[in-house]
Amino acid sequence: QVQLVESGGGSVQAGGSLRLSCTPSGFTENLYSMAWFRQTLTNKREGVAVIHSDDYIVYSDSVKGRFTISRDKVKRTLHLQMNSLKPEDSSIYYCAASAGWQRLAPADYKYWGQGTQVTVSS
């Protein structure tokens, strides 16, 4: 059973920074796409960033230039460095993973973490 555990969420003032982490366990395949999603006001999951199984990175337009996704190749731990945070970034952030190449779309991901809350105040 693959498990993903997020950490690093919290409360921060607008303009501040947070670093999220996602620690996986139970991977049985060598190559995975790993992504960050966040929950919108309409309770849909919005793609934030993905590292594909070939290490190609894609960001959503709303976070490009402010957020950086990275992955520890040895531990397979996923990170999201969030800078210049805005109140509209407030959300529950979810880590997701699937074997092989996947799009930045919720339906493409088989495994999900429990989420970590990010609150940005003005």
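Keep in mind that this is a model prediction, so the values were computed, not measured.
- Interatomic distance, Asp108 CG to Ser33 OG, rounded to the nearest 0.5 Å: 8.5 Å.
- Between Thr119 and Val12, every side-chain heavy-atom pair lies at or beyond the 4.5 Å cut-off.
- In terms of heavy-atom proximity, Val118 sits nearest to Leu18 at CG1-CD1, 3.8 Å.
- In the hydrophobic cluster analysis, where Ile, Leu, Val, Met, Phe, Trp and Tyr join through side-chain heavy atoms closer than 4.5 angstrom, Met82 is grouped together with Ile57.
- Looking only at atom types and distance, the side chain of Ser62 has a donor-acceptor partner in the side chain of Arg38 under 3.5 Å away.
- Between Gln39 and Ser91, the side chains place no donor N or O within less than 3.5 Å of an acceptor N or O (distance only, hydrogens not considered).
- Phe67 contributes atom CZ, which lies 5.0 Å from atom CG of Leu85 (distance to the nearest 0.5 angstrom).
- Between the Glu6 side chain and the Gln114 main chain, a donor and an acceptor come within less than 3.5 Å of each other.
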Salt bridge (Lys or Arg N to Asp or Glu O under 4.0 Å) evaluation trace for Asp61 with Lys64 = CA-CA 5 Å; Asp61 290 339; Lys64 190 175 298 181; 3.6 Å; yes

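- Ring geometry for Tyr111 against Tyr32 counts as tilted: the plane angle lies between 30° and 60°, on a 0 to 90° scale.
- Side-chain atoms of Ser21 and His79 include a donor-acceptor pair closer than 3.5 Å.
- Using the six-membered ring where Trp is involved, His52 and Tyr56 have ring planes that are parallel, under 30° apart on the 30 and 60° scheme.
- For Ala35 against Leu104, the heavy-atom pair with the smallest separation is CB-CD1, 4.0 Å.
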message = Is there a side chain to side chain contact (heavy atoms under 4.5 Å, CB included) between Leu78 and Ile69? Walk through the geometry before answering.
response = CA-CA 7 Å; Leu78 186 72; Ile69 191 170; 3.8 Å; yes

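- The heavy-atom pair separating Met34 from Arg71 by the smallest distance is CG-NH1, 3.7 Å.
- Asp72 CG to Cys22 SG: the interatomic distance, rounded to the nearest 0.5 Å, is 12.5 Å.
- Annotation: the span from Leu4 atom CG to Tyr109 atom OH amounts to 11.5 Å, rounded to 0.5 Å.
- When side chains are defined from C-beta on, Pro106 counts as touching Phe37, because their heavy atoms get closer than 4.5 Å.
- Scanning for salt bridge (charged side-chain N to carboxylate O under 4.0 Å, His left out) contacts around Lys75 gives an empty result, with sequence neighbours left out.
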ask   = Passes side chain to side chain contact (heavy atoms under 4.5 Å, CB included), Lys86 versus Arg66? Steps please.
value = CA-CA 10 Å; Lys86 305 174 181 179; Arg66 299 188 298 121; 3.9 Å; yes

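- A donor-acceptor contact shorter than 3.5 Å is absent between the side chain of Thr23 and the backbone of Thr77.
- Residues Gly47 and Ser60 share a closest heavy-atom pair of O-CB, 3.3 Å.
- We find the CH2-OH distance between Trp36 and Tyr93 to be 10.0 Å, quoted to the nearest 0.5 Å.
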